[in-house]
Protein chains: 2
Amino acid sequence: MTDIFRALADESRRELLDRLFADNGQTLSALCTDLAMSRQAVSKHLAVLEAANLVAVRRRGREKLHYLNPVPLAQIVRRWIGKFGDVRLQTLLDVAEERKPKRRRKPPAQSGAGSPSNS
Amino acid sequence: MTDIFRALADESRRELLDRLFADNGQTLSALCTDLAMSRQAVSKHLAVLEAANLVAVRRRGREKLHYLNPVPLAQIVRRWIGKFGDVRLQTLLDVAEERKPKRRRKPPAQSGAGSPSNS
DNA sequence: CAATTAGGCAACCATATGGTTGCATGTCAA
DNA sequence: TTGACATGCAACCATATGGTTGCCTAATTG
């Protein structure tokens, strides 16, 4: 848990995940392009992501290919976030709905159940 | 995003959320009971959670009541985590399933697709 | 009112974190 | 074989983080 959240708690690392999502299996130097930090910094970030199991690597000769691993994300959803509150089913179905907009259900009414809302 | 993930990236804070989930609207000192850290530490943690909008507060006299706010959790799911990969719909529906045990539920088999977890 | 209770503020400390630079190593290609 | 390219390692630095202690203020309550 902690590893995953810590890994995600950094904008640069989330961007790296985004990049891998857009184009999986990139090398370190490929991931460095257009980033405003040194290769070493990126390398460290990737190490953190790797330690959190959010990124898997494969070596090809002198290159290191990085692959996104979404499983831990799914895990924190189901094993941790999912447990909180009524929003749970609500929102999850909401997202599912959003995903396959086949049939319409009730408009997702965010009824403030327990706590004052804002955001 | 960052605030939320950072807030979640600490075991103590996650435990505080757990406690609020178990019993919402607790005061600071109530939340301190049986915790192995000083009141000040807890107070700081709550401040972080508050800043991340994961906890909302209400004052009652000299007391400060803390309420869990699950909305940001739902947001990071739908706005960030949800975007990654096929696991998305898969897992979300999976959780939803788990939620409403229509028929007999299988023993909660942790399908460990990825990594040995810790905590 | 006086004592107690709930919480806030500020300083301080050790360690973690994100970043840098410099150099070393491994691998591919001419 | 000799370089150029891809990555790794290590030291270093500034700041953030999690935690402590001490004291202060504001409500309650006897």
Side-chain angles (χ1 to χ4, degrees), chain A residues 1-20 23-69 72 115-116, chain B residues 1-20 23-69 72 118-119:
Chain A
M1 283 285 91
T2 303
D3 308 341
I4 301 175
F5 280 124
R6 288 204 81 87
L8 293 174
D10 184 278
E11 176 67 34
S12 307
R13 281 191 294 261
R14 289 199 303 273
E15 186 171 340
L16 286 173
L17 290 183
D18 279 338
R19 287 180 166 227
L20 286 181
D23 182 11
N24 211 5
Q26 294 183 68
T27 69
L28 170 59
S29 17
L31 284 168
C32 284
T33 58
D34 294 322
L35 282 191
M37 55 183 143
S38 72
R39 180 177 54 84
Q40 302 302 332
V42 176
S43 180
K44 279 194 187 179
H45 282 308
L46 288 172
V48 172
L49 291 170
E50 212 177 317
N53 202 23
L54 286 161
V55 160
V57 297
R58 210 189 87 214
R59 305 208 86 115
R60 188 181 58 189
R62 59 180 164 179
E63 297 180 321
K64 191 179 186 183
L65 307 181
H66 298 79
Y67 297 89
L68 187 118
N69 176 25
S115 52
Chain B
M1 282 289 89
T2 302
D3 307 342
I4 302 175
F5 280 124
R6 288 203 79 88
L8 293 175
D10 185 279
E11 175 66 35
S12 306
R13 284 192 290 264
R14 289 200 302 274
E15 186 172 341
L16 286 173
L17 291 183
D18 278 338
R19 286 180 169 230
L20 286 181
D23 182 11
N24 211 6
Q26 294 183 67
T27 68
L28 170 59
S29 17
L31 284 168
C32 284
T33 57
D34 294 323
L35 282 192
M37 57 183 142
S38 71
R39 181 175 54 84
Q40 302 303 330
V42 175
S43 181
K44 279 193 185 180
H45 282 309
L46 287 172
V48 172
L49 291 170
E50 213 177 317
N53 202 23
L54 285 161
V55 160
V57 298
R58 212 188 87 213
R59 306 207 84 116
R60 187 180 58 188
R62 61 179 163 178
E63 296 180 322
K64 192 178 186 184
L65 306 181
H66 299 79
Y67 296 89
L68 187 116
N69 177 23
N118 32 35
S119 135

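Keep in mind it's a predicted model, so treat the numbers as computed, not measured. Letters A, B, ... are given to chains in the order of the sequence lines, protein chains preceding strands, and every chain is numbered from 1.
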Touch class at under 4.0 angstrom, heavy-atom based, for R60(B) against every strand present: nothing
Positions of residues 6-14 of chain A (non-hydrogen atom under 4.0 Å from DNA chain C), listed by number: R6(A), D10(A), S12(A), R13(A)
Contacting residues from residues 27-40 of chain B, given that a heavy atom lies under 4.0 angstrom of DNA chain C: T27(B), L28(B), S29(B), R39(B), Q40(B)
Within this structure, what is the [atom1]-[atom2] distance for the pair [X] and [Y], rounded to the nearest 0.5 Å?
X	Y	atom1	atom2	value
L68(B)	L16(B)	CG	CG	10.5 Å
L54(A)	R14(A)	CG	CZ	12.0 Å
L17(A)	N69(A)	CG	CG	10.0 Å

Residue whose closest nucleotide on DNA chain C lies nearer the 5' end, V48(A) versus R59(B): R59(B)
By salt bridge (Lys or Arg N to Asp or Glu O under 4.0 Å) - contacts of D18(A) (at least two apart): K83(B)
Any side-chain heavy atom of [X] within less than 4.5 Å of one from [Y]?
X	Y	result
R19(A)	T33(A)	yes
D3(B)	N53(B)	no
T27(B)	L65(B)	yes
L35(B)	E15(B)	yes

Donor-acceptor pairs under 3.5 angstrom involving side-chain atoms of residues 55-63 of chain B: please list them, not counting sequence neighbours.
{"residue": "R58(B)", "atom": "NH1", "partner": "Y67(B)", "partner atom": "OH", "Å": "2.6"}
{"residue": "R60(B)", "atom": "NE", "partner": "E63(B)", "partner atom": "OE1", "Å": "3.3"}
{"residue": "R60(B)", "atom": "NH2", "partner": "E63(B)", "partner atom": "OE1", "Å": "2.8"}

Rounded interatomic separation in angstrom, taking CZ from R62(B) and P from dA27(D): 10 Å
Separation of dT28(D) C1' from E63(B) CD (nearest whole Å): 10 Å
Interface limits on DNA chain C, where chain B has a heavy atom under 4.0 Å of a nucleotide atom: dT5(C) to dC9(C)
Return all side-chain donor-acceptor pairs below 3.5 angstrom for residues 40-50 of chain B, not counting sequence neighbours, or 'none' if the list is empty.
{"residue": "H45(B)", "atom": "ND1", "partner": "R13(B)", "partner atom": "NH1", "Å": "3.1"}
{"residue": "E50(B)", "atom": "OE1", "partner": "K64(B)", "partner atom": "NZ", "Å": "3.4"}

